[in-house]
Amino acid sequence: MKVTEHIKNANGKTLFSFEIIPPKKGKNIQELYDNIDPLMEFKPPFIDVTTSREEYVYVEREGLLDRQITRMRPGTVGICAAIKHKYNVDTVPHVLCGGFTKQETEYLLVDCHYLGIENVMALRGDAMSHQKYFEPSEGGHNYACDLVEQIQNLNNGKYLHDVIEADHKSDFCVGVAGYPEKHLEAPSLKSDMRRLKEKVDRGAHYIVTQMFFDNSKFFQFVEDAREAGINVPIIPGIKPIATKRHLQLLPQVFRIDLPEDLILEVEKCKTNAEVRQVGVDWCISQSKELMDAGVPVLHYYSMGKSSNIQQIAQAVF
Ligand SMILES: Cc1cc2nc3c(=O)[nH]c(=O)nc-3n(C[C@H](O)[C@H](O)[C@H](O)COP(=O)(O)OP(=O)(O)OC[C@H]3O[C@@H](n4cnc5c(N)ncnc54)[C@H](O)[C@@H]3O)c2cc1C
């Protein structure tokens with residue numbers, strides 16, 4: 001079922017969902033299942049599976065270091081199919097502009113369609129780790145809005161090489177990213193909102209936000225989006241802080257602000273176990289407030305480890 005149908009069928013009840021990351025190449029998928037298992041009691045209607053950008057690795061060959069490009073966490077579509085089959089839950093593969101040609105994207109979407117995957121998250125992807133700015137692949141998309149358009153074209157039987165009178169068209173429900181505190185490259189909150197509206201105008205059906213730790217930022221974002229004429233569901237994406245290092249890492253990577261009260265609580269902690277508990281408590285109160293405000297879904301960034309998400313879900317759902 002589509003994410004938007006799950007939301008509609010919930011009749012105003014807040015749903016629980018989460019995002020997982022494919023394991024590193026060579027790792028057993030069982031570890032992923034072990035982290036999903038405890039979360040299934042909270043009945044997620046859908047689970048997101050991220051796609052990682054490629055990266056450079058150095059391989060020794062005849063005494064020389066050879067630079068090769070590789071994706072360290074492949075398997076997004078395969079994992080989506082495996083989880084869908086194992087848990088009978090809808091899955092949402094993240095589809096990136098970066099690292100893919102339009103043709104490769106078309107093949108990936110056709111695979112998803114055959115596998116019965118009905119939702120995709122359309123994202124640009126970040127710059128590769130050695131790049132300062134995002135660079136599209138040759139023959140790939142520049143922005144997520146162009147990817148949204150490709151997916152919508154496919155839904156209408158319009159393939160890259162031709163329009164096909166398909167007897168069984170895809171009908172993907174498309175999610176896109178939104179940034180309550182602005183995307184790091186956007187010149188202003190207002191221009192970023194304009195770009196978000198473009199993604200919706202070109203066919204996105206719902207929005208999932210970047211993580212935030214101050215709910216007032218999310219509430220303002222939703223208000224601004226509605227004022228800008230964006231009427232699709234907006235799903236808050238949240239994450240519990242888990243280590244002291246997150247105090248520097250999260251603002252650096254995502255350009256988000258952390259509330260002073262949270263910083264002070266984390267600074268008081270002597271161990272990462274204490275930090276983890278502070279993160280859980282903060283996320284529980286964030287979740288409860290968001291739920292009271294009537295958000296359609298609480299979407300958790302699990303980063304592959306589920307014990308803290310389980311603690312939060314137990315307190316909230
Ligand atoms: C919920 C969520 C899930 C994510 N999952 C993944 C994942 O699985 N894998 C991954 O690698 N990354 C993921 N990301 C990160 C995301 O790829 C990055 O934040 C990326 O830098 C931007 O992606 P986007 O889809 O928002 O890009 P876009 O919507 O294309 O926007 C990128 C920037 O370009 C600007 N812009 C947009 N359109 C135009 C235009 N026409 N002209 C000029 N400027 C424009 C925007 O304002 C913004 O600053 C995720 C992010 C979120 C919020």
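Atoms within each ligand, like the ligands themselves, are counted from 1 in listed order. These numbers come from the heavy atoms of this one structure, side chains and all, not from hydrogens, waters or symmetry mates.
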Would you please determine whether [X] falls within less than 4.0 Å of ligand 1 on a heavy-atom basis?
{"X": "Gly125", "answer": "yes"}
{"X": "Tyr179", "answer": "yes"}
{"X": "Tyr301", "answer": "yes"}

Any atoms of ligand 1 less than 4.0 Å from a non-hydrogen atom of [X]? List them with their elements.
{"X": "Ala186", "value": "47 (O), 49 (O)"}
{"X": "Thr50", "value": "8 (O)"}
{"X": "Met121", "value": "1 (C)"}
{"X": "Gln210", "value": "53 (C)"}
{"X": "Val208", "value": "1 (C)"}

Does [X] have more than 12 heavy atoms from other residues, nucleotides or ligands lying within 6.0 Å of its [atom1]?
{"X": "Lys27", "atom1": "NZ", "answer": "no"}
{"X": "Lys25", "atom1": "NZ", "answer": "yes"}
{"X": "Glu274", "atom1": "CD", "answer": "yes"}

Side chains of [Y] and [X]: any donor to acceptor distance under 3.5 Å?
{"X": "Thr51", "Y": "His94", "value": "no"}
{"X": "Glu5", "Y": "Asn9", "value": "no"}
{"X": "Ser129", "Y": "Tyr56", "value": "no"}
{"X": "Asn156", "Y": "Gln152", "value": "no"}
{"X": "Asn155", "Y": "Ser170", "value": "yes"}

Got the closest protein heavy atom to [atom], with its distance?
{"atom": "atom 49 (O) of ligand 1", "answer": "His183 ND1, 2.7 Å"}
{"atom": "atom 9 (N) of ligand 1", "answer": "Thr51 O, 2.7 Å"}
{"atom": "atom 30 (O) of ligand 1", "answer": "Ala144 N, 2.9 Å"}
{"atom": "atom 53 (C) of ligand 1", "answer": "Ala177 CB, 3.4 Å"}
{"atom": "atom 32 (C) of ligand 1", "answer": "Arg124 NH1, 3.7 Å"}
{"atom": "atom 14 (N) of ligand 1", "answer": "Leu123 CD2, 4.2 Å"}
{"atom": "atom 18 (C) of ligand 1", "answer": "Asp126 OD1, 3.1 Å"}
{"atom": "atom 47 (O) of ligand 1", "answer": "Asp192 OD1, 2.7 Å"}

For His94 and ligand 1, does the shortest N/O to N/O distance drop below 3.5 Å?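 Yes, since at least one N or O of His94 sits under 3.5 Å from an N or O of ligand 1.
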Quick one: does NZ or CZ of Lys239 land under 6.0 Å from the six-membered ring centre of Tyr300, within 45 degrees of the ring axis?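 Not flagged: Lys239 not positioned over aromatic ring of Tyr300.
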same_hphob_cluster(Val148, Tyr107) at 4.5 Å side-chain heavy-atom cutoff: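 No; Tyr107 is not reachable from Val148 via cluster members.
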Should the proximity of Asp48 to ligand 1, defined as any heavy atom under 4.0 Å, be assigned to the side chain, the backbone, both, or neither?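 Within the 4.0 Å criterion, Asp48 makes no contact with ligand 1.
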Expected output: side-chain Thr101 to main-chain Gly140 donor-acceptor under 3.5 Å: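 Looks like no, no N/O pair under 3.5 Å.
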Criterion ring pair (Phe, Tyr, Trp, His ring centres under 6.0 Å) on Phe219 and Phe221, from CA distance to verdict: CA-CA 5 Å; Phe219 295 137; Phe221 174 72; over 10 Å; no
Only heavy atoms count here, so choose which of Arg195, Lys199, Glu198 is nearest to atom 29 (O) of ligand 1.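 The residue whose heavy atom sits nearest atom 29 (O) of ligand 1 is Lys199.
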